[in-house]
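Scroll down for the structure; my scribbles are underneath it.
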There are 2 protein chains.
Amino acid sequence: MSKPQGARQPTIKEVANLAGVSPMTASRTLAGGRNVRPDLQERVMAAVRELGYFRNENARSLRPGQPSGLIGIAITNLANPYYGSFALGVEEVAAEHGRRIILGNTGEDVARERQLVSDFIGRQVDGLILVPTSGDAAHLRPERLGHVPLVLASRRVPGLDVDTVLLDDVGGSYRGTISLLDAGHTRIGFLGNRTSVFTGERRYRGFERAMTERGVPIDTAIVARDQQDVDAASRAARVMLDLDEPPTAIFSANNRNSIGALREIGRRIRDGLPGPHPSMVSFDDFELSELMPVPVTVIDHDARLLGREAATLLFARLDDDTAEAARTVELPVTIEYP
Amino acid sequence: MSKPQGARQPTIKEVANLAGVSPMTASRTLAGGRNVRPDLQERVMAAVRELGYFRNENARSLRPGQPSGLIGIAITNLANPYYGSFALGVEEVAAEHGRRIILGNTGEDVARERQLVSDFIGRQVDGLILVPTSGDAAHLRPERLGHVPLVLASRRVPGLDVDTVLLDDVGGSYRGTISLLDAGHTRIGFLGNRTSVFTGERRYRGFERAMTERGVPIDTAIVARDQQDVDAASRAARVMLDLDEPPTAIFSANNRNSIGALREIGRRIRDGLPGPHPSMVSFDDFELSELMPVPVTVIDHDARLLGREAATLLFARLDDDTAEAARTVELPVTIEYP
DNA sequence: CTGTTAGCGCGTTCAG
DNA sequence: CTGAACGCGCTAACAG
């Protein structure tokens, strides 16, 4: 009955009035109660409960030096289970440090990324974690960010010297490819990301290195590096497998391409098309990979851990602040044979 | 050289000084430039660029009636691809309305949920979307939320009359179960969520209705309703399938249970254990379900759409504000036969 | 068209 | 131990 319909939140002043004390006493009570008489504290807390009072964190962070308690995180595709796990990892560590995350999806669009970052800064985030979307570094330079600490995950941005968490893309791809070569394959297809994407480049490099080392030529007819989603990957696999000399094995540089390729391979098996159907190596795990109709070797890593590591790097910088040089952490990957 | 190392953001006052105008002129320029001479606008914008100024959104939202532009969203498990997609759906619609989302993971823990909601309110969110974690509604009652609009997704909370987006859990489960009965199965196992979870209850009800309607008895020995993750689901499936009279088909009430059951079925097939191996119905889709070694019928729905719908309901209330009765939207599911 | 004043909710500083 | 005053960054409302 007393509350206006406008959903206005009660203020500390109203709490103080109801408790019959000054706003400062209420504030001190909420801050832990040091130097406040217990009976007054009790009255304040009662008023808080009665009014349903919550401290206004925004007003609080207005005060200079007060952190907002927010970490901004921008990722490229939340619908990809990998990035969901990644975000969870960041969220966990942030929660351990009493921070909240504020999240945006870039969809691999630089303009959107720029917009998100501005907004995050405008909300006074204590730090930023992002999976950068491309090579344009201008809006990410420290001075443009008001020197808010930034951690990059998964990918590096050329010319930007900041804390970064990466996977051992090259090593993983190399070892995965070697396992195919060891199994006797010499005609190996490659499915990957757009070349411009950092990880796509690195994973191709590992593949290339293994092939070159063993003296196996790479046939560009069975290299497709431009698929960003499952459907495109399916189509690319189809084209390859319809060739007169189809690959006997396929290296897929990420989760989306693996799913797409397997969908196509499954279709061919169901339709009774002649084999042999290709073995696969997949960079990125996916659930039930062990039940696939062709052997799948998985280059596995822990996206959640990647997120945790990124957050850890960020908090290290927030706490120490001792303008140390940018650090890069490269997380290992494990190869799981079929 | 001018910037103190403390990463303090430039203020509108500094912008105004540099441009040689008053803070109000700068403010008006940033607000769109109405009633500001073009040449002054240009000077302001130049100062903004030079200083790398961003409007302080927190200070902005301090002003009464000013929305914060934040939507709080709490989900139970970000690592579940379903909730990742759900969050993406919310994020998309929020972005269309110029809002940002602030996100927390409850891990099915009520205390954590309560804490998150407090924090969200404290940050002056314009609205809340949550996948509630259990039956305790006290901290979610409108007056406790300062009348910040709340939308529930996936689950309802008893005694809480707010906007809600649900799936057709009962109907979907019913139809999925019927498809098994039609195929001649009479010994059908059930894998599901903790009973307390709203969807677990509803999905069991659909299962039960179909069985009862066809006069097929439910054997509690092959009903397991307490698995929240893949490993637990695997174990439950194993126990069932090791019985003297194992089920010839399994109804799984969610993604996690489906993956767990299939993992166990796959293991048995690889280990050469005697069949016949059970057919499955899975509430929730998962990738590559068409490649499974046993027939899988999928009760499919679109988590991203669920998120979009929840956000749509929320913005409808934010815009109209005409204290209408709580609405419930029940999204259809589709059955995909193997 | 532009500038001044005032106040949003809170907590630091300084008096009582 | 308690309270009053001030200011954080910003923008309505009111002069000019």
Side-chain angles (χ1 to χ4, degrees), chain A residues 4 6-44 47-48 51-70 118-119 121-125 146, chain B residues 4 6-44 47-48 51-69 118-119 121-126 146:
Chain A
R8 213 182 47 78
Q9 299 297 331
T11 75
I12 200 169
K13 201 180 289 182
E14 301 175 47
V15 170
N17 284 346
L18 184 59
V21 298
S22 81
M24 263 324 295
T25 300
S27 174
R28 279 194 262 258
T29 301
L30 291 168
R34 284 184 54 80
N35 294 349
V36 180
R37 249 167 40 213
D39 58 318
L40 289 188
Q41 289 196 44
E42 199 31 69
R43 273 171 33 207
V44 169
V48 164
L51 292 174
Y53 168 80
F54 296 96
R55 229 178 1 196
N56 185 329
E57 294 294 332
N58 290 348
R60 209 150 176 267
S61 74
L62 205 54
R63 186 151 290 286
Q66 286 295 328
S68 67
L70 289 176
S118 313
D119 186 89
I121 301 285
R123 294 187 192 283
Q124 314 302 111
V125 293
Chain B
R8 211 182 48 77
Q9 300 296 333
T11 75
I12 200 170
K13 201 180 288 183
E14 301 176 47
V15 170
N17 283 347
L18 184 58
V21 298
S22 82
M24 260 327 290
T25 299
S27 174
R28 280 194 263 257
T29 300
L30 291 169
R34 283 185 54 78
N35 294 349
V36 179
R37 243 167 44 212
D39 58 319
L40 290 189
Q41 289 197 43
E42 199 29 72
R43 268 162 49 199
V44 170
V48 163
L51 293 174
Y53 168 80
F54 295 96
R55 228 172 10 189
N56 184 329
E57 295 294 332
N58 290 348
R60 215 152 113 74
S61 75
L62 205 55
R63 184 154 295 285
Q66 285 297 326
S68 67
S118 311
D119 186 89
I121 302 285
R123 294 187 192 282
Q124 314 302 110
V125 293
D126 300 337

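Only a predicted model underlies this, so the values are computations on that prediction, with no experimental measurement involved. Hydrogens, waters and symmetry mates play no part in the numbers below; they use all other heavy atoms, side chains included.
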Protein heavy-atom contacts under 4.0 Å, written 5' to 3' over nucleotides 10-16 of chain C as B (base), S (sugar-phosphate only) or - (none), form the string BBB----

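- Separating the CG atom of B/L62 from the P atom of D/dC8 is a distance of 14 Å, rounded to the nearest angstrom.
- As a whole-Å value, the separation of B/R123 CZ from C/dG9 C1' is 15 Å.
- Rounding to whole angstrom units, CG of residue B/L40 and P of C/dC1 are separated by 11 Å.
- Between the CG atom of B/N35 and the P atom of D/dA15 there is a distance of 18 Å, rounded to whole Å.
- In terms of modelled atom types and a separation under 3.5 Å, the side chain of A/T29 and the main chain of A/T25 share a donor-acceptor contact.
- With values rounded to the nearest 0.5 angstrom, A/R34 atom CZ is found 11.0 Å from A/Q41 atom CD.
- A/Q66 meets the side-chain hydrogen bond (donor to acceptor under 3.5 Å, both in side chains) test with no other residue; sequence neighbours excluded.
- Using modelled atom types, no side-chain atom of B/R28 and backbone atom of B/G33 make a donor-acceptor pair closer than 3.5 Å.
- Of the side-chain N and O atoms in A/T25, one or more sit less than 4.0 angstrom from OP1 or OP2 of D/dG3.
- A donor-acceptor pair is defined here as one N or O able to donate and one able to accept, closer than 3.5 Å; such a pair exists between the side chain of A/R123 and the backbone of B/S68.
- In this structure, CG of B/L51 is placed 13 Å from P of D/dG9, rounded to the nearest angstrom.
- Taking atom CD of residue A/Q124 and atom P of nucleotide D/dG9, one finds them 9 Å apart after rounding to whole Å.
- Interatomic distance, CD1 of B/I121 versus CD of A/Q9, reported as 5.5 Å (0.5 Å rounding).
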